[in-house]
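Excluded from the calculations below are hydrogen atoms, water molecules and symmetry mates; all remaining heavy atoms, backbone and side chain alike, are included.
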Amino acid sequence: MTLPGSLDEAVAALAAMPAAVPVAGGTDLMAAVNSGLLRPAALVGLGRISEIRGWQYQDGHALLGAGLTHARMGRPDFAALIPALAAAARAAGPPQIRNAGTLGGNIASAAPTGDALPVLAALEASLVIAGPGGGRREIPVGRLLAGIELLHPGELIGYVRVPLLHAPQTFLKATGRTGPGRATASVAVVLDPARRMVRCAVGAVAPMPLRPYDAEHWVASLIDWDGERTLAPEALTAFGDYVAAACIPDPVPAPESGEPGTLPPAVLHLRRTVATLARRALGRALA
């Protein structure tokens with residue numbers, strides 16, 4: 001294993017060894033290795049790169065190092081900065097996972113159940129990509145998760161740029177068992193009073209976080225942004241149903257009959273779960 005001391009050294013190591021795999025916490029990587037899905041020819045360890053293990057303020061944004069661990073993001077000082085991301089970090093799994101797993105690893109793995117991913121999508125975060133020769137480029141996180149933009153050979157996620165909205169934001173998840181575990185569904189809701197917007201992203205129900213834009217615009221039009229920012233329970237319920245139907249739509253009618261299809265019971269249960277999470281997340285953000 002190569003252990004570079006800086007981001008540019010890590011990029012140079014990857015460029016020199018195209019078959020090498022970068023590793024930080026290794027929580028996803030080692031699971032793939034142990035299951036026989038991955039046999040890396042070489043590893044480039046990122047654990048000694050101090051520059052990506054903290055954060056800084058920059059032009060109304062927080063520039064988060066990709067090496068931030070879930071445990072570090074779950075602490076109160078970080079929670080005061082980006083509450084929804086801190087909540088996702090605290091829900092990321094048992095202590096050994098939170099202590100080792102990193103923000104950059106969560107993004108690079110792009111697992112549908114990654115807890116940070118819907119939060120970053122709702123925050124409309126962007127990624128600062130480090131490339132050979134000291135190069136840097138910035139892309140929206142959603143484009144990477146959707147596969148529209150990809151990391152080039154020798155590139156690494158160096159930082160995550162998140163707008164500081166100074167407004168309520170929430171993250172909720174449902175798991176298949178009690179205690180910390182992988183999400184069966186998750187929802188992030190972010191209020192943006194300056195732009196009079198509600199942003200919502202749903203995780204774990206698709207290969208990438210889903211943004212129900214029509215539901216966002218509809219509910220934002222109901223909020224009194226200059227007043228108490230409250231909604232009637234009926235509006236919250238309607239928002240939850242709107243989000244769930246957008247993310248888990250009804251089947252397309254069969255061409256031969258024209259009759260609408262029906263969702264399997266398990267999928268209907270998942271849709272109800274998303275509706276409940278979205279309703280509760282918005283209700284807490286507006287409380």
Asker: List in chain and number order the residues that pass side-chain contact (heavy atoms from CB on, under 4.5 Å) with Pro40, two or more places apart in sequence or in another chain; answer none if no residue qualifies.
Answerer: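 Testing Pro40 for side-chain contact (heavy atoms from CB on, under 4.5 Å), a comparison that skips the adjacent residues, returns Val21, Val33, Leu38, Leu43.
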Asker: Is it the case that over 12 heavy atoms from other parts of the model lie below 6.0 angstrom from the NE2 atom of His269?
Answerer: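 Not buried by this count: 12 neighbours or fewer within 6.0 Å.
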Asker: Holding to side-chain contact (heavy atoms from CB on, under 4.5 Å), I want the full list of residues that pass it with Glu138, two or more places apart in sequence or in another chain.
Answerer: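 By the side-chain contact (heavy atoms from CB on, under 4.5 Å) rule, Glu138 matches Ser126, Val128, Arg161.
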Asker: Got a second to check how far Leu263's CG is from Leu268's CG, nearest 0.5 Å?
Answerer: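 Spacing of CG (Leu263) from CG (Leu268) equals 5.0 Å.
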Asker: If you compare all heavy atoms of Ala13 against all heavy atoms of Thr2, which two are closest, and at what distance to 0.1 Å?
Answerer: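 Scanning both residues, the minimum pair turns out to be CB-CG2, 4.2 Å.
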Asker: Would you call Leu156 and Leu46 a side-chain contact if the rule is heavy atoms closer than 4.5 Å?
Answerer: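 Yes - at least one pair of side-chain heavy atoms lies under 4.5 Å apart.
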Asker: Tell me every residue that passes side-chain hydrogen bond (donor to acceptor under 3.5 Å, both in side chains) with Asp250, counting only those two or more places apart in sequence or in another chain.
Answerer: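 Per chain and number, Asp250 pairs via side-chain hydrogen bond (donor to acceptor under 3.5 Å, both in side chains) with Arg271.
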Asker: Answer yes or no: is there a side-chain heavy-atom contact under 4.5 Å between Ser6 and Glu51?
Answerer: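 Ser6 reaches Glu51 side chain to side chain.
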Asker: To the closest 0.5 Å, what do you measure between NE2 (His166) and CG (Leu164)?
Answerer: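 Here the rounded value is 5.0 Å.
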Asker: Set out, in order, the CA-CA distance, both residues' side-chain angles and the distance that settles side-chain contact (heavy atoms from CB on, under 4.5 Å) for Val23 and Met1, then state yes or no.
Answerer: CA-CA 10 Å; Val23 57; Met1 177 186 285; 3.9 Å; yes
Asker: State the OG1-CG distance between Thr69 and Asn99, to the nearest 0.5 angstrom.
Answerer: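 Those atoms lie 6.5 Å apart.
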Asker: State, without any angle test, whether Thr113 and Arg182 hold a side-chain donor-acceptor pair at a distance under 3.5 Å.
Answerer: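 The criterion, which ignores hydrogens and geometry beyond distance, is satisfied for Arg182 and Thr113.
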Asker: With rounding to the nearest 0.5 Å, note down the distance linking NE2 in His70 to CZ in Phe78.
Answerer: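 It is 11.5 Å, given to the nearest 0.5 Å.
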Asker: Looking at Arg90 and Asp115, is any side-chain nitrogen of the basic one under 4.0 Å from a carboxylate oxygen of the acidic one?
Answerer: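 Salt bridge between Asp115 and Arg90, a charged N being under 4.0 Å from a carboxylate O: no.
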Asker: When you group the ILVMFWY residues by side-chain heavy-atom contacts below 4.5 Å and let the links chain together, are Leu3 and Val11 in the same group?
Answerer: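 Different clusters.
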Asker: Kindly give the heavy-atom pair with the smallest separation between Gly154 and Pro132, and that separation in Å.
Answerer: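 The answer is O-CD, 4.1 Å.
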Asker: Please round to the nearest 0.5 Å and tell me the distance separating atom CD1 of Ile139 and atom CD1 of Ile148.
Answerer: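 Ile139 CD1 to Ile148 CD1: 10.0 Å, rounded to 0.5 Å.
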Asker: Can Leu68 be reached from Leu63 by stepping across I, L, V, M, F, W or Y side chains whose heavy atoms are under 4.5 Å apart?
Answerer: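 No: no chain of side-chain contacts under 4.5 Å links Leu63 to Leu68.
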Asker: Would you give the length of the straight line joining atom CG of Asp224 to atom CZ of Arg196, rounded to the nearest 0.5 angstrom?
Answerer: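 With rounding to 0.5 Å, CG (Asp224) is 8.0 Å from CZ (Arg196).
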Asker: Are any non-hydrogen side-chain atoms of Leu64 and Leu85 less than 4.5 angstrom apart?
Answerer: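 SC-SC contact between Leu64 and Leu85 confirmed.
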Asker: Donor-acceptor pair, distance only, cut-off 3.5 Å: does the side chain of His61 make one with the backbone of Asp59?
Answerer: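 Between the backbone of Asp59 and the side chain of His61 there is a qualifying donor-acceptor contact (under 3.5 Å).
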Asker: Taking Lys173 for its side chain and Val187 for its backbone only, find out whether a donor-acceptor pair lies under 3.5 Å.
Answerer: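 No, the answer is negative, given that no donor and acceptor are paired below the 3.5 Å cut-off.
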Asker: What closest approach, in Å, do Asn106 and Leu117 show between heavy atoms, and which atom pair accounts for it?
Answerer: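 Minimum heavy-atom separation between Asn106 and Leu117: O-CD2, 3.7 Å.
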Asker: Using a 4.5 Å cut-off on heavy atoms from C-beta on, say whether the side chain of Ile248 contacts that of Leu270.
Answerer: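 The answer is yes, as the side chains (C-beta and beyond) meet within the 4.5 Å cut-off.
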Asker: Decide yes or no on side-chain contact (heavy atoms from CB on, under 4.5 Å) for Asp241 and Arg272, but give the supporting numbers first.
Answerer: CA-CA 8 Å; Asp241 292 340; Arg272 288 192 292 269; over 6 Å; no
Asker: Mind listing the closest non-hydrogen atom pair of Phe171 and Pro118 along with its distance?
Answerer: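 Closest heavy-atom pair between Phe171 and Pro118: CE1-CG, 4.1 Å.
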Asker: Heavy-atom distance under 4.5 Å between the side chains of Pro168 and Arg229, does that happen here?
Answerer: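 SC-SC contact between Pro168 and Arg229 confirmed.
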Asker: For a 4.5 angstrom cut-off between non-hydrogen side-chain atoms, does Tyr213 reach Cys200?
Answerer: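 When only atoms from C-beta onward are counted, Cys200 and Tyr213 do not touch, as no gap falls below 4.5 Å.
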Asker: Could you tell me if the side chain of Val219 sits less than 4.5 Å from the side chain of Val243, heavy atoms only?
Answerer: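 No, side chains not in contact.
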Asker: State plainly whether one hydrophobic cluster holds both Val252 and Leu210, where clusters connect Ile, Leu, Val, Met, Phe, Trp and Tyr through side-chain heavy atoms under 4.5 angstrom apart.
Answerer: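 Each belongs to a different hydrophobic cluster.
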Asker: So which atom in Val274 and which in Ala185 form the shortest heavy-atom distance, rounded to 0.1 Å?
Answerer: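 What the structure gives for the nearest pair is CG2-CB, 3.9 Å.
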Asker: Name all residues meeting the side-chain hydrogen bond (donor to acceptor under 3.5 Å, both in side chains) criterion together with Ser109; count only those two or more places apart in sequence or in a different chain, and write none if there are none.
Answerer: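 Partners of Ser109 under the side-chain hydrogen bond (donor to acceptor under 3.5 Å, both in side chains) test: Asp28.
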Asker: Could you check whether any side-chain N or O of Gln169 sits under 3.5 Å from a backbone N or O of Ala84, counting only pairs where one atom can act as donor and the other as acceptor?
Answerer: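 Side chain of Gln169 to backbone of Ala84: a pair is present.
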Asker: Could Arg137 and Glu149 be called an ion pair, given the rule that one side-chain N must be under 4.0 Å from one carboxylate O?
Answerer: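 So Arg137 pairs with Glu149 through a salt bridge.
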Asker: Can a salt bridge be assigned to the pair Asp8 and Arg136 using a cut-off of 4.0 Å between side-chain N and carboxylate O?
Answerer: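 Salt bridge flag = yes for Arg136 with Asp8.
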Asker: Is any side-chain heavy atom of Val160 less than 4.5 Å from a side-chain heavy atom of Leu103?
Answerer: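 Sidechains of Leu103 and Val160: in contact.
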Asker: Using side-chain contact (heavy atoms from CB on, under 4.5 Å) as the criterion, list what pairs up with Arg195, not counting sequence neighbours.
Answerer: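 side-chain contact (heavy atoms from CB on, under 4.5 Å) list for Arg195, sorted by chain: Glu124, Asp192, Met197, Arg199.
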Asker: Ile157: what forms a side-chain contact (heavy atoms from CB on, under 4.5 Å) with it, not counting sequence neighbours?
Answerer: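 Ile157 satisfies side-chain contact (heavy atoms from CB on, under 4.5 Å) with Ala66, Ile107, Ala108, Leu127, Ile129, Leu144, Leu151 once adjacent residues are dropped.
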Asker: Do the side chain of Thr170 and the main chain of Ala281 share a donor and acceptor less than 3.5 angstrom apart?
Answerer: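 A pair under 3.5 Å: yes.
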Asker: Are the ring centres of Trp55 and Tyr159 closer than 6.0 Å?
Answerer: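 They do not qualify: ring centres at least 6.0 Å apart.
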Asker: Begin from the C-alpha positions of Val190 and Leu165 and carry the test side-chain contact (heavy atoms from CB on, under 4.5 Å) through to its verdict.
Answerer: CA-CA 9 Å; Val190 173; Leu165 301 176; 3.1 Å; yes
Asker: Counting only N and O atoms by type, is there a donor-acceptor contact under 3.5 Å from the side chain of Ser186 to the main-chain atoms of Ala183?
Answerer: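 No, the answer is negative, given that no donor and acceptor are paired below the 3.5 Å cut-off.
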Asker: Check the pair Leu191, Leu286 against side-chain contact (heavy atoms from CB on, under 4.5 Å), reporting the backbone distance first and the verdict last.
Answerer: CA-CA 8 Å; Leu191 301 187; Leu286 292 171; 3.8 Å; yes
Asker: With Pro209 as reference, evaluate Val202, Val141, Leu145 under the side chain to side chain contact (heavy atoms under 4.5 Å, CB included) test and give the passing residue.
Answerer: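 That would be Leu145.
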Asker: Where is the tightest heavy-atom contact between Ala62 and Ile82, given as atom of each residue plus distance?
Answerer: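 Answer, listing the atom of Ala62 first, then Ile82: CB-CD1, 4.2 Å.
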